[in-house]
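Please read the structure below before turning to the comments.
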Amino acid sequence: MDLLALVDCENFYASCERIFRPDLKKVPIVVLSNNDGCVIARSKESKDFGIQMGAPWFKVKEGFLKSGGQVFSSNFALYGDISSRVMSVLSQMSKKIEIYSIDEAFLDLENLAIESHDAANDFGVYCRNIVKQWVGIPVRIGIAPTKTLTKVASYLAKQQTHYPGIFSITNNQKDIETALKRVPIHQVWGVGRRLNKKLSDSGMKNAYDLACSNIPLIRKKYSVVLERTVRELRGERCLAMDENPAPKKQIVVSRSFANKISDLNTLSPIVNDFGVRACEKLRKEGQLCSKVGVFIRTSPFRTQDRQHQTIKFYTLHQPSDDTRDILSSIRWILPKIFRHGFCYAKAGVMLSQFTDENVLQYELFEQINGARRNNQLMKTLDKINHSSTQVNFASQSKIGFTAMRRANVSPRYTTSWFELPTVN
DNA sequence: TCTGGGGTCCTAGGACCC
DNA sequence: TCTGGGGTCCTAGGACCC
């Protein structure tokens, strides 16, 4: 039987924080977004306490802390490192693995020749134990014939008591049908807020109803995307394993501000910071970009304020990964979109239209070995700034990303020599 | 006072080409 | 009277995901 497994880290960020704080084993934990704005991860105890995903922190803070909860600002240096450890363990479980997100991976179990529920569950138990023991992260495992069905299995794994955290669906219509009937329609992978409303309105309650729907009609009324979902729910593989993720098509660096900004002189150095960071990512990807976008927006939550949001692009004459090119694009765009009299709450820089740095097409009249081309400046800059920023552009802000509120950040236990955990 | 950040894919429509 | 057919590329907007 040809099966896939979805391995999903449980409450990932909260679990990462717990590795180094075993004293918090039973304590409710939440992790906050950048700027300590809202809740982006919760331990099981916090979910039980009633903290919603995405809840604004200032609204739930008091009740949560009073009840003995522990809060963390996000620490992506830590989560990224723990993630790569989990993925490296999973890579030993299967030859074919697709790292789908920071806390999820699909494994192709083809080589394991699993023929029964028992065999599938045994694999799940083995995998779960190893990751827990070697990295310290609890994982949930859904095993099924298609990706969408592994998501279904993963959802059902939450409710498992016999094999906690593990659920398998074999390639058997009856088996699939039973599982689908237990999954509410909005839990189906690919059904978001809008589709949930439309599908529910047309009488579908669970995944089984969706799987039974008429495919040509689904395609006509909705899209080819939903058609694939329906087929996958029926056990037909439409979404392939993607072991070598395609290069990025877009890079965005954006932040909300701790304090609203209403003048251009304050705003531009900060947007320049975003541009600098975006270029670092671009060079790491080995890509050149042709299009630079800048967006700014006021806070949609302050309904009493006048609202303004906009985005504008600049197309470079020549693809580039040179920070100076991107900064001058920003210098061109920003004054054109900025309006006086608005309190801006967020801004961002977006790079797109990429070409590979090795297949650069020069312009007809470009001087190929001009001073700006083939220069080592950016490489040297990246090298110097590798571990921490030492050299800045004059147009950047002096405070940079440190202007963010991060009141409760944990140490970078695994990625900084100065923040190693200590044992007393 | 205080509400995240970073992505992907699909579709429709317009411009343009032969 | 009567105004084609087939295609690409780009953009904006919508929907979804983690």
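Below, chains carry the letters A, B, ... as their sequence lines are ordered, and counting in each starts from 1.
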Within less than 4.0 Å of OP1 or OP2 of [N], is there a side-chain N or O belonging to [X]?
{"X": "A:Ser101", "N": "C:dC17", "result": "no"}
{"X": "A:Lys197", "N": "C:dA15", "result": "no"}
{"X": "A:Ser256", "N": "B:dG4", "result": "yes"}
{"X": "A:Gln353", "N": "C:dC9", "result": "no"}
{"X": "A:Lys151", "N": "C:dC18", "result": "yes"}
{"X": "A:Arg228", "N": "B:dC10", "result": "yes"}
{"X": "A:Lys291", "N": "C:dT11", "result": "yes"}
{"X": "A:Arg302", "N": "B:dT3", "result": "no"}
{"X": "A:Trp57", "N": "B:dG4", "result": "no"}
{"X": "A:Lys346", "N": "B:dT3", "result": "no"}
{"X": "A:Ser254", "N": "B:dG6", "result": "yes"}

Run the salt-bridge test on [X] and [Y] with the 4.0 Å N-O cut-off and return the result as yes or no.
{"X": "A:Glu62", "Y": "A:Lys66", "result": "yes"}
{"X": "A:Lys197", "Y": "A:Asp201", "result": "yes"}
{"X": "A:Arg237", "Y": "A:Glu110", "result": "no"}
{"X": "A:Lys132", "Y": "A:Glu10", "result": "no"}

Interatomic distance where [atom1] belongs to [X] and [atom2] belongs to [N] [whole Å]:
{"X": "A:Glu285", "N": "B:dT8", "atom1": "CD", "atom2": "P", "answer": "9 Å"}
{"X": "A:Lys59", "N": "B:dG4", "atom1": "NZ", "atom2": "C1'", "answer": "15 Å"}
{"X": "A:Arg219", "N": "B:dC10", "atom1": "CZ", "atom2": "P", "answer": "10 Å"}
{"X": "A:Phe58", "N": "B:dC2", "atom1": "CZ", "atom2": "C1'", "answer": "5 Å"}
{"X": "A:Phe354", "N": "C:dC10", "atom1": "CZ", "atom2": "P", "answer": "15 Å"}
{"X": "A:Glu227", "N": "B:dT11", "atom1": "CD", "atom2": "C1'", "answer": "15 Å"}
{"X": "A:Tyr13", "N": "B:dG6", "atom1": "OH", "atom2": "P", "answer": "11 Å"}
{"X": "A:Glu98", "N": "C:dC18", "atom1": "CD", "atom2": "C1'", "answer": "13 Å"}

In whole Å, what separates the P atom of B:dT3 from that of C:dC18? 25 Å
How is [X] classified with respect to the nucleic acid when contacts are heavy atoms under 4.0 Å: base, sugar-phosphate, or nothing?
{"X": "A:Leu195", "result": "sugar-phosphate"}
{"X": "A:Ile251", "result": "sugar-phosphate"}
{"X": "A:Asp103", "result": "sugar-phosphate"}
{"X": "A:Val60", "result": "nothing"}

Of the nucleotides [options], which has the atom closest to the [X] side chain?
{"X": "A:Val252", "options": "B:dC10, B:dG4, B:dG6", "result": "B:dG6"}
{"X": "A:Lys249", "options": "B:dG5, C:dA15, B:dC9", "result": "B:dC9"}
{"X": "A:Lys281", "options": "B:dT3, B:dG7, B:dG5", "result": "B:dG7"}

Would you say that A:Ile326 contacts A:Cys289 through its side chain, given a criterion of any heavy-atom pair below 4.5 Å between the two side chains?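 Yes. Closest side-chain heavy atoms under 4.5 Å.
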Hey, which of these two, A:Ala55 or A:Pro247, hits DNA chain B nearer its 5' end, going by closest nucleotide?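 Result: A:Ala55.
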Comparing A:Lys248 and A:Arg297 on DNA chain B - which has the more 5′ nearest nucleotide: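 Comparing both residues, the 5'-ward one is A:Arg297.
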Give me the one residue out of A:Phe338, A:Phe342, A:Tyr344 that meets ring pair (Phe, Tyr, Trp, His ring centres under 6.0 Å) with A:His340. A:Phe338
C:dA12 - base-pair partner by Watson-Crick or wobble geometry, distances under 3.5 Å: B:dT11
Does a sphere of radius 6.0 Å around NZ in A:Lys61 hold more than 12 heavy atoms from other residues, nucleotides or ligands, not counting ones at 6.0 Å or beyond? no
